[in-house]
Every structure is written in structure tokens, then in C-alpha cells.
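Below is one structure, written out as C-alpha cells; comments come after it.
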There are 2 protein chains.
Amino acid sequence: MASAPHDAPGFELPLRMFMAFRMALDEVHAELAAQGHPDVRPTHGYVFQAIGPHGTTAADLGRALGISKQAAGKSIATLEGLGYVTLSPDPHDARRKLVHLTARGVDVLVRSARVFETIRARWAAELGPERLRELEADMRRMTPDDFFRLDVPGWFGSVG
Amino acid sequence: MASAPHDAPGFELPLRMFMAFRMALDEVHAELAAQGHPDVRPTHGYVFQAIGPHGTTAADLGRALGISKQAAGKSIATLEGLGYVTLSPDPHDARRKLVHLTARGVDVLVRSARVFETIRARWAAELGPERLRELEADMRRMTPDDFFRLDVPGWFGSVG
DNA sequence: TATACTGGACAACAAAGTTGTCGATATGCG
DNA sequence: CGCATATCGACAACTTTGTTGTCCAGTATA
């Protein structure tokens, strides 16, 4: 449509972005598994981040992540079972249950951040630090500020 | 780890890549839906591309996409029901069933390509054509050549 | 106080994969 | 030639991760 002769086909860049994302996430979770966190799933990272230092509730978590409160509730139950979060009653509102990260949950966050930095360093070495910063700047222009939403519920819909 | 003071946190770039990918795919499928293909799913695009002009079989499709042949078979059955592919016996091998795109299937491919080019043109306008080409070149260095694999079977594992 | 809203739990269901098994067909080799 | 092995596609059962709908308890508003 508006592409010059030897440009990449339009689908290539998005697909490569997805591929890079997936490689990074796979590496993070392979490392986490090797470092004592074999049960942490990619989406759990989003959940951990969304819980944050002050804690949340299931309904808020769902809103932050763009999923239903029920789905958020299931995640929390799973993570509680794995020892990554704790639930406590909210003293100001008897309906709510506050979710907080345990030390083990924080550990995941710390280790993930470390692996992400390692990956970033590798990319910096591959492309040069300046070029990588340009890439990051460009990506910021291409994506909204709340790049944190998940709503992957079923966007990768039916193959079948 | 190896990051200078004001660098982006390591997780930002991968997440923004995923976001950009998802926005592009959402736009493509919103357009497809508006143009008479409401039932086409993101993964179907991969399937269509993998079928190609010469046709395939379920087992080959599974290998190309990195999913099981059963899953590929389900996709094919769905797409056949939607009128996007046809099945015919292989004259050289009675076990195999050849999968080919119908005219309607090719139409999806053509329309998708068009939307992807529109998106690319918008990015070119936003960043400048030269920066976009650099971005594409960088992404090629960061990702493998077979950037086409799907194997999203469950990589986005359990939230719950 | 009566009504409406919100938080969390339970249940039923949907989508898209997976593994395992099976019969039918090909293929390779003694 | 004929048997052992491998592959194709189909069927079934299951898993994961989400969805809606319903319900009750607690809070807020008029």
C-alpha cells in the first residue's frame, strides 16, 4: 500500500516483536525454574507486578490486568497455594481480602528483573547501546503508556 | 546489572513489543471482521500462511507451526467448516489429505496483508521511514529466521 | 431504613491446546 | 515377496485458563 519496493512485508515486524517477546519470557521463566521457582507462569509476572508493594484485592487485580475478577481470584488462589501471596481481611471493609506478596513472591520479582536486565544487556551488546535506546524510544511512540494490560484471555483465539 | 542509570527497565521493551504485536493483530482482525470475515482468529493467519499456495497436510502443518498434528487437524476441520480450506485425497499417498485454501481463504490472506501494510505505513509516518527500516533491521538481528513458529499452545500458562 | 452497588465464592461452560490409542497405508530391508 | 517399522489422520479423554451467571454478605447512598 505505502511500501517501497524492498521494504519488509507488513506482517514481519509485528511477528518478530512477538517472537522477541516470547524468547525473552521463555528465558526468564527457564531461569526462574532453574532458580527454585518452577511453578511460576508467564502471567504470574503480570500478577506480581500488579499486586505491588501495597497489596491489592481480587477485583482490583482483575481491573488492572483486564481480566474478570473471577479469573483474578483463581490466580490469587493458585499463587496462595504456591506460597507467593498471602490473603488478609481488610480492616476497613469486611468484604475485601487484601493480597500481599510474600518474601518468596518478592524473590520472584527480583530474580525476574535480573534476567530481564541480562537480556537487555545482551541486546545492547548485539545492537549497540545507542541503537537499543533508539529502539526503546521508538517502541514508546508506538505503544500506549499503560503497556501493562494483559487481557490475553482469549485474544489468541481458536486455532481449532 | 549492566544497565546505565536512566535506561529503561529490562521488562519494558519486551512488554511493549508484545503490546505492539497485539495492537497490530487486533486491528487486522477487526478489519477482517468488518470486511466479511468475522470468524477468522489470530492463529488462523498463521495457518493460512503455513498452508501456502501448494497446500499441506495436517501433520506438516503441525510441524510448521510447532503444534501437535491433532491440534492442526482441529484447526483444519474448523477452517473447512468455515469455508476457508478444502480437503482432497493425495493421489500419491492414500493416508494423506491435502489441504488447500479456497478463494475465500486467499481473500483473507490478501486483506490481511493490506491491513498490515496500512499499519506499517502508519508506523513509518510516526517514526520516519528510515527509523522504521532500522527498527526492522534490529529486530531481524534479535530474532531467529523462522520467526513464524506458533507454539503458543500454553506458553502463556496459568494465571490461575 | 430501603435500595443500589461492590467484593468475593461457587458452578457451569468454552476455547484451544495436550497425550494416548487405533486402524489404514507406505516404506525399507532381509 | 513379506514382515517390521513408521506415518497419516481420527477419536477420546484430559488440562489449562479463561468466561458468564448467580448468590450472599457487606457498604454506601438517598
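In what follows, chains are A, B, ... by sequence order, proteins preceding strands, each numbered from 1.
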>> For Arg120(A) and Glu136(A): C-alpha separation, side-chain torsions, deciding distance, then whether salt bridge (charged side-chain N to carboxylate O under 4.0 Å, His left out) applies.
In response: CA-CA 11 Å; Arg120(A) 189 183 182 283; Glu136(A) 287 172 338; 2.8 Å; yes
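- Taking atom CG on Leu87(B) and atom C1' on dG9(D), their separation rounds to 11 Å, with Å as the unit.
- Ring pair Phe21(B)/Phe21(A): centre-to-centre distance not below 6.0 Å.
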>> One pair to check against salt bridge (charged side-chain N to carboxylate O under 4.0 Å, His left out): Arg133(A) and Glu130(A). What are the steps and the verdict?
In response: CA-CA 5 Å; Arg133(A) 273 191 291 271; Glu130(A) 184 48 39; 3.5 Å; yes
>> What verdict does the salt bridge (charged side-chain N to carboxylate O under 4.0 Å, His left out) test give for Glu12(B) and Arg16(B), after you've listed the backbone C-alpha separation in whole Å, the side-chain angles of each residue and the deciding distance to 0.1 Å?
In response: CA-CA 6 Å; Glu12(B) 181 179 337; Arg16(B) 285 198 190 272; 2.7 Å; yes
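- Looking only at distances, a side-chain donor or acceptor of Thr102(A) sits under 3.5 Å from a matching main-chain atom of Tyr84(A).
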> Can you give one letter per nucleotide of nucleotides 2-7 of chain D, going 5' to 3': B for a protein heavy atom under 4.0 Å from the base, S for sugar-phosphate only, - for none?
Replying inline: ----BB
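- Side-chain N/O atoms of Lys74(A) and base N/O atoms of dT16(D) include no donor-acceptor pair closer than 3.5 Å.
- Remark: P of dA26(C) and NE2 of His92(B) are 12 Å apart, rounded to the nearest angstrom.
- Atom CD1 in Ile67(B) sits roughly 17 Å away from atom P in dA15(C) (whole-Å rounding).
- In this structure, the side chain of His29(B) does not engage the main chain of Asp26(B) through any donor-acceptor pair within 3.5 Å.
- The distance between atom CG of Leu98(B) and atom P of dT25(C), rounded to the nearest whole Å, is 16 Å.
- One atom, CG of Leu61(A), and another, C1' of dT6(C), lie 16 Å apart when rounded to the nearest Å.
- Regarding Ile76(A), its CD1 atom lies at a distance of 15 Å from the C1' atom of dG18(D), rounded to whole Å.
- A donor N or O paired with an acceptor N or O is found under 3.5 Å between the base of dG20(C) and the side-chain atoms of Gln70(B).
- The side chain of Thr57(B) has dG9(D) as its nearest neighbour among dG9(D), dT20(D), dA26(C).
- With rounding to whole Å, His44(A) atom NE2 is found 12 Å from dT16(D) atom P.
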>> Before you tell me yes or no, could you show the steps for Asp60(B) and Arg63(B) under salt bridge (charged side-chain N to carboxylate O under 4.0 Å, His left out), namely the whole-Å CA-CA distance, both residues' side-chain angles and the distance that decides it to 0.1 Å?
In response: CA-CA 5 Å; Asp60(B) 278 345; Arg63(B) 277 188 288 266; 2.6 Å; yes
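- Rounded to whole Å, atom P of dC8(D) lies 11 Å from atom CG of Asp90(B).
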